[in-house]
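Take a look at the structure set out below.
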Amino acid sequence: MGLLSPSEGDKGLVAMKGLRVLLRFRLISDAFGSELRSRLGWAIVRAIYQGLPNFQRARLEGMGFGPFLWLEELAPDVALIQALKERWDPECHTFLFSWGHMIPTLEDVARIIGLRVDGQAVTGVTYTSYQEQVERLLGLEVTRERSSLVRRTALQASLVVASACHQTGEGQADYMARLTEDAKAVLAEEEGEAADRDLRRFLILVIGKLILGTRGDPVSCRCLPLLEDLSRVGSYAWGAALLAHLFDSLGTSIRETGVWAYCHLPSLGRGVPRRPGAVPLLQHWRFCQDERSLRRQVTFIHDALDTIPFGHVQWTPYVGEDDAAHPWVERGRPYFGRDIWLHSFNTVVPLHHRLVARTLGLHQSVVEFLTRQRPWERPGRSFRGIQQVTDWTVRVREQLEDWEQRGREVVSEATSDEDYFHAYAQRYGAQVYKGSRRPLDPEGRIASLEGVLHSTIQQRDDLQAVVDQLRAELDRAQQMVGGASSSREDPGRSMLEGQLAAAVAREEDALAQVQAQETELRASLARTTTLEAEMAELRLRLEAAEVSRWRQEAEEAARWRQEAEEAARWCQEAEEAT
C-alpha cells in the first residue's frame, strides 16, 4: 500500500516527528561517530531527493520511504549514547537498568523514523562479488572485485553531488538550492531505463549508508539484488532490517536511540520537544546543548540512570498518540508486542519482547534470561560479501518462518513485578547495582533488596495514581450530589458517591500497606547495607590477620633457614679445622 504524496504542511509534520524516533535508536550505537556525521549528511540526501523529478518522488512515496526522507538532520547526543552503550547487554540485546530490561521495539521504529516494519524480510543471497550487478544496475564499479562496497564519491558523482562543500559566503539555503539544481540538471526527467538507474543509485545511497550503514566512506550494496525489480522494493520491512542492524552492530546508528531515551526517560533532561503533533517522532525532539566536558556529561548521566525515580520511566509513551500521523503503525501492529527474529541478510537477531512486557502495559513476569545463541555459523560484523555465496533464505529457514508467522505473542499472568525483580537482581546485581560508593555484596543480598524495593515503589506509584483519580471522581460526584436534599431526590447519585468513597478507602488502605512495606524494605536495606559493610570490614580484618600470620611464619621460617645455614657452615668449618 503506497503513501500519498504529502502536502507542504504534511511534509513539515513528517520532518518534525521523524527525528524523535531516529534519535531514540541511534543511542545504542557502538561507534557513535557514525556516517550521519560524516561527509554524507542528511542535507545532501535531501538535496538529491528534492532534485528528483516529481514522478520519481512519487515512486519513493509509494515505496514507503516518504516519512524517512523528510527527516531533518539532528545533532547526536554523544554523551547519552556513550552512557547507554555501557548499559547494553549483547547477550539479551537489551539495556540493563536498575528498573529492569528495556529495549527498542518495532513500534519504536515505525513511530520514530517512519519506516515500514511489516512485509517481506530483508534477506536473500549474499555474493562473493557484486561487480556484475553494480555495473549492470548502477553503471558504477565496486571498490574491489571481491567486495560488496561501492565508493561513495562515485555514487554521489553519479547523482551530481560529488563536490558537496559549502562555497565561500554561501548560506545553508543557497547551498541546498545549488545542490538541488545540480541534481535536477542531469537526473532523467522521464520514465525509462535511465530513470530506473537514477532511482537505484539514490536508494543504494539511502539504504546502504543511512538505514543499513557501514563504517567508513564506502557504501554497502548488499541489498542491490532487492532493488532490481523496483516494483517490489516497497514490500520489504526496511524498518525491521534497521533494528536488526542496530542490535548487531551498535556502530552505525545514533540518533534513533537518543530519541528512544528522550521518550522513555524524560527525567534525564537531555532532549526537549520542538513542537507537538509532528511526524515521525524523530523530529519532535532536539538535543539540549550541554557545555560540560564529555567525560563529565557521561558521569552525570550514569548517576542519573542510577537514581531516576522508578515511576518516572515512561513504559508506554505512545498512549494517546494519533496513529493516523504514523503511516506504518497500523500496518505493523500485527508485529508489535511479539518475540520475533529480525532479518537483514547475514544479520539475524532475536527481538526478546518478553523481557519488556511493561511496554505493553503488563506486569513483567519471570522469564528465562537468555544468552546469545546462534544455531548457524555466519561471517563476522565486518562481512562485506567476500566469503562464499550464501542463500540466507535457506540457511536460516527456521528464523525466516518465524518472521513470516509474526513470531510469538507476549503475554503475562503476573500480578506484580516482584518475582521478576528478585530474579533480575540475582542475575544482574553485580552489573546493575554497583558503584564506587557501594560496599561489597558477594551474596547479592543488597542487589536483591534493591530490586524488590524498585518493584514496591512502582506499585506505590501505580496505587497513588489510582487513589488520585478516584478522589477526583469522588469530588466531582459530591459536587453533583450537592447536599442531603439532592441525595434524597436522586438516590442513584448518592449510591455512586458511596461506591466511590468505598473504593477510595480500599485503595488508600492498599496504598498505606504498600507504603509500610516500602518503609520496611528501606529499613531492611539500610540494615543489610550496614551489616554487609561490617562483614566486609571483618573479612578485610581477617584477611589482614591471616596475612600478618603468614608474614610472621615466613619470617620465622627464614630465621630458621638462616640459623640452619649458619650451623651447617659452623660444622663445615669445624671439620676443616680437625
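If you're wondering where the values come from, they're calculated on a predicted model, not measured in any experiment.
- Residues H93 and P350 have side chains in contact (heavy-atom distance under 4.5 Å, counting atoms from C-beta outward).
- Here CG of L243 is found 12.0 Å from NE2 of H343. Values are rounded to the nearest 0.5 Å.
- Between L60 atom CG and Y49 atom OH the span is 6.0 Å, to the nearest 0.5 Å.
- Checked by atom type and distance alone, the side chain of D339 pairs as donor or acceptor with a backbone atom of R354 at under 3.5 Å.
- Between L96 and T94 there is a side-chain heavy-atom pair separated by less than 4.5 Å.
- Counted within 6.0 Å of CD on E401, heavy atoms from surrounding residues, nucleotides or ligands total more than 12; the atom is thus considered enclosed.
- Side-chain rings of W238 and F68 stay apart, their centers remaining 6.0 Å or farther from each other.
- N346 and R395 share no side-chain donor-acceptor pair at under 3.5 Å.
- Between the side chains of Q50 and R57, no donor-acceptor pair is found at a separation under 3.5 Å.
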Just do the ring-ring contact (aromatic ring centres under 6.0 Å, His included) check on W88 and F247 with the steps written out, would you? CA-CA 10 Å; W88 181 255; F247 283 178; 5.6 Å; yes

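- Contact record, T316 with R358: CG2-O, 3.8 Å, taken as the closest heavy-atom pair.
- Considering only heavy atoms from C-beta on, V206 comes within 4.5 Å of F202 through its side chain.
- Here L179 contributes atom CG and Q156 contributes atom CD; the two are 9.5 Å apart, rounded to the nearest 0.5 Å.
- Side-chain contact between V313 and M102 is present, with at least one heavy-atom pair separated by less than 4.5 Å.
- At least one donor-acceptor pair closer than 3.5 Å links the side chain of S129 to the backbone N or O of Q131.
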Output, in order, the C-alpha distance, side-chain angles, deciding distance and verdict of ring-ring contact (aromatic ring centres under 6.0 Å, His included) for Y130 and Y127. CA-CA 7 Å; Y130 288 80; Y127 300 92; 5.6 Å; yes

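- For F345 against T123, the heavy-atom pair with the smallest separation is CE2-C, 3.7 Å.
- Ion pairing between a basic and an acidic side chain is recognised when a charged N comes within 4.0 Å of a carboxylate O; D196 and R59 show such pairing.
- Remark: the backbone N or O of R406 is paired with a side-chain donor or acceptor of R338 at under 3.5 angstrom.
- One finds the CH2 atom of W328 at 9.5 Å from the CG atom of L115 (value rounded to the nearest 0.5 Å).
- R333 and E330 are joined by a salt bridge, as a carboxylate oxygen and a charged side-chain nitrogen come within less than 4.0 angstrom of each other.
- If you take CD on E61 and CD on Q56, they are separated by 12.5 Å, rounding to the nearest 0.5 Å.
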Give the intermediate values and the outcome of side-chain contact (heavy atoms from CB on, under 4.5 Å) for residues S158 and L140. CA-CA 8 Å; S158 70; L140 303 173; 4.0 Å; yes

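- Nearest heavy atoms, W403 versus Q120: NE1-C, 4.0 Å.
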Take I211 and H245 through the side-chain contact (heavy atoms from CB on, under 4.5 Å) test and state the conclusion after the steps. CA-CA 9 Å; I211 297 179; H245 179 72; over 6 Å; no

Please walk me through it: do L355 and C92 pass side-chain contact (heavy atoms from CB on, under 4.5 Å)? CA-CA 9 Å; L355 295 177; C92 290; 3.9 Å; yes

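- Around atom CD of E189, no more than 12 heavy atoms belonging to other residues, nucleotides or ligands sit under 6.0 Å away.
- Here the side chains of L360 and H353 are in contact, with some heavy-atom distance below 4.5 Å.
- Rounded to the nearest 0.5 Å, atoms CG (L205) and SG (C221) are 12.5 Å apart.
- In this structure the side chain of R232 never reaches within 4.5 angstrom of the side chain of L226, judged on heavy atoms.
- A salt bridge links R136 to E228: one of the charged nitrogens lies within less than 4.0 Å of a carboxylate oxygen.
- Between R397 and E404 a salt bridge is recorded (basic side-chain N to carboxylate O distance below 4.0 Å).
- Judged by distance alone, with hydrogens and angles left aside, the side-chain atoms of D402 form no donor-acceptor pair with the main-chain N or O of I340 at under 3.5 Å.
- Taking each heavy atom of I204 and V219 in turn, the nearest pair found is O-CG1, 3.5 Å.
- Looking at W341 and V348, their side chains come closer than 4.5 Å, going by heavy atoms from C-beta outward.
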Apply side-chain contact (heavy atoms from CB on, under 4.5 Å) to the pair L230 and M63, showing each step before the final yes or no. CA-CA 9 Å; L230 290 171; M63 293 175 184; 4.2 Å; yes

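- The pair D323-R111 counts as a salt bridge, with a side-chain nitrogen and a carboxylate oxygen less than 4.0 angstrom apart.
- L106 has its side chain within reach of L342: a pair of non-hydrogen atoms, C-beta onward, lies under 4.5 Å apart.
- Of all the heavy atoms in L187 and G51, the pair that sits closest is CD1-O, 3.8 Å.
- A salt bridge links R116 to D118: at least one charged side-chain nitrogen sits closer than 4.0 Å to a carboxylate oxygen.
- Counting all heavy atoms, side chain and backbone alike, G139 lies closest to R197 at N-CD, 4.4 Å.
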